[in-house]
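So you know, we letter chains A, B, ... as the sequences are listed, proteins then strands, and number each from 1. Side-chain atoms are counted along with the backbone in the values below, which use heavy atoms only and exclude waters and symmetry mates.
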Amino acid sequence: MASSRKPSDSYQKIWSTVEKIPKGKVATYGQVARMSRLPRQARLVGYALHNLPHGIDVPWQRVINSQGRISFPENSLAYIKQKELLETEGIVFVKGKVDLKKIGWKK
DNA sequence: AACATGACAGGTC
DNA sequence: CGACCTGCCATGT
């Protein structure tokens, strides 16, 4: 595995951006990518979060896809966990998705 | 170096 | 709405 080397700077930027997402709001992968100065690299955002190291405090749950949906199968534990965390922050789900027009972070 | 993969987005049909 | 396709690019084998 190539884990012998440090994480890419891109990941650092992404994590940094995610940390800035206000509580009670959510951002899409594309948004985070853009805010991290990495336009069109939404996939890297997902990759970065998946590779998220333990021990650092990052509100990964506030990052969802452009449809306002959690990018996990509904039957998965990860999905339920993320939904719980978001609801705790006051985010309301309607039919399995959130209203990006209302709780979306910025434009 | 080549190929396959992925917590996506945006467009088309 | 859903299914499919293309673009993007870091990672791992």
Side-chain angles (χ1 to χ4, degrees):
Chain A
M1 55 201 239
S3 56
S4 316
R5 57 211 276 285
K6 304 183 319 183
S8 300
D9 295 333
S10 300
Y11 285 9
Q12 289 286 329
K13 288 185 179 180
I14 292 170
W15 296 332
S16 180
T17 298
V18 174
E19 284 181 38
K20 296 182 179 71
I21 301 175
K23 178 182 173 187
K25 295 280 186 179
V26 296
T28 67
Y29 294 92
Q31 283 278 299
V32 175
R34 211 176 151 168
M35 287 184 258
S36 301
R37 307 295 157 176
L38 299 169
R40 265 145 208 105
Q41 295 189 168
R43 307 193 76 145
L44 295 199
V45 175
Y47 219 84
L49 293 182
H50 183 254
N51 228 314
L52 199 59
H54 295 290
I56 66 176
D57 186 26
V58 173
W60 58 273
Q61 69 272 22
R62 292 176 196 155
V63 185
I64 58 180
N65 63 31
S66 64
Q67 303 172 55
R69 282 186 153 289
I70 292 174
S71 296
F72 282 117
E74 292 186 14
N75 55 323
S76 73
L77 189 60
Y79 176 94
I80 298 173
K81 176 67 174 174
Q82 182 169 9
K83 187 167 180 287
E84 285 288 309
L85 287 170
L86 292 177
E87 292 181 323
T88 298
E89 298 184 351
I91 292 176
V92 180
F93 279 76
V94 180
K95 289 173 180 152
K97 50 187 174 184
V98 301
D99 189 340
L100 287 174
K101 296 211 152 199
K102 290 188 175 183
I103 68 172
W105 186 41
K106 295 192 175 180
K107 176 170 48 164

Handout entry: Distance in angstrom units between A:Ile70 CD1 and B:dA7 C1', rounded
Key = 11 Å
Practice task
Nearest whole angstrom, please: distance from the C1' of C:dC9 to the CG of A:Asp9.
Solution key: 15 Å
Handout entry: Reported CD-to-OH distance for the pair A:Glu84 and A:Tyr79, which is rounded to 0.5 angstrom
Key = 10.5 Å
Exercise for the section: Please list, chain by chain and in numerical order, all residues satisfying salt bridge (Lys or Arg N to Asp or Glu O under 4.0 Å) with A:Arg69, sequence neighbours excluded. Expected result: A:Glu74
Exercise for the section: Report yes or no: is there a donor-acceptor pair, N or O only, under 3.5 Å between the side chain of A:Tyr47 and the base of C:dA10? Expected result: no
Handout entry: Euclidean distance, atom CD of residue A:Gln67 to atom P of C:dG2 [Å, nearest integer]
Key = 8 Å
Completion exercise
By nearest-nucleotide position on DNA chain C, the 5'-leaning member of A:Asn51 and A:Pro39 is A:Pro39
Fill in the blank from the handout: Rounding to 0.5 Å, atoms CD1 (A:Ile21) and CE (A:Met35) come to a distance of 6.0 Å
Problem - Of the listed nucleotides C:dG7, B:dA7, B:dA9, the one nearest the side chain of A:Ala42 - result: B:dA9
Practice task
Using atom NZ of A:Lys97 as one end and atom P of C:dC1 as the other, report the distance to the nearest whole Å.
Solution key: 4 Å
Handout entry: A:Leu49, nearest nucleotide to its side chain (from C:dA10, B:dA7, C:dC8)
Key = B:dA7
Practice task
State whether a side-chain donor-acceptor pair under 3.5 Å links A:Thr17 with A:Lys13.
Solution key: no
Handout entry: Under-4.0 Å side-chain N/O to phosphate OP1/OP2 contact, A:Ser66 with B:dA9
Key = yes
Handout entry: Gap between atoms CD1 and P, on A:Ile14 and B:dA9 respectively (whole Å)
Key = 13 Å
Handout entry: Side chains of A:Arg62 and A:Trp105 in contact at under 4.5 Å (non-hydrogen atoms)
Key = no
Problem - Closest nucleotide among B:dA7, C:dC9, B:dG6 to the A:Arg43 side chain - result: B:dG6
Fill in the blank from the handout: From CZ of A:Arg34 across to C1' of C:dC8 the rounded distance in Å is 16 Å
Fill in the blank from the handout: Rounded to whole Å, the CG-P distance (A:Leu44 to B:dA9) equals 12 Å
Practice task
Figure out the CD/P separation between A:Gln12 and C:dA10, and round it to whole Å.
Solution key: 16 Å
Practice task
Determine whether any donor atom in the side chain of A:Arg40 lies under 3.5 Å from an acceptor atom in the base of B:dG10, or the reverse, and answer yes or no.
Solution key: no
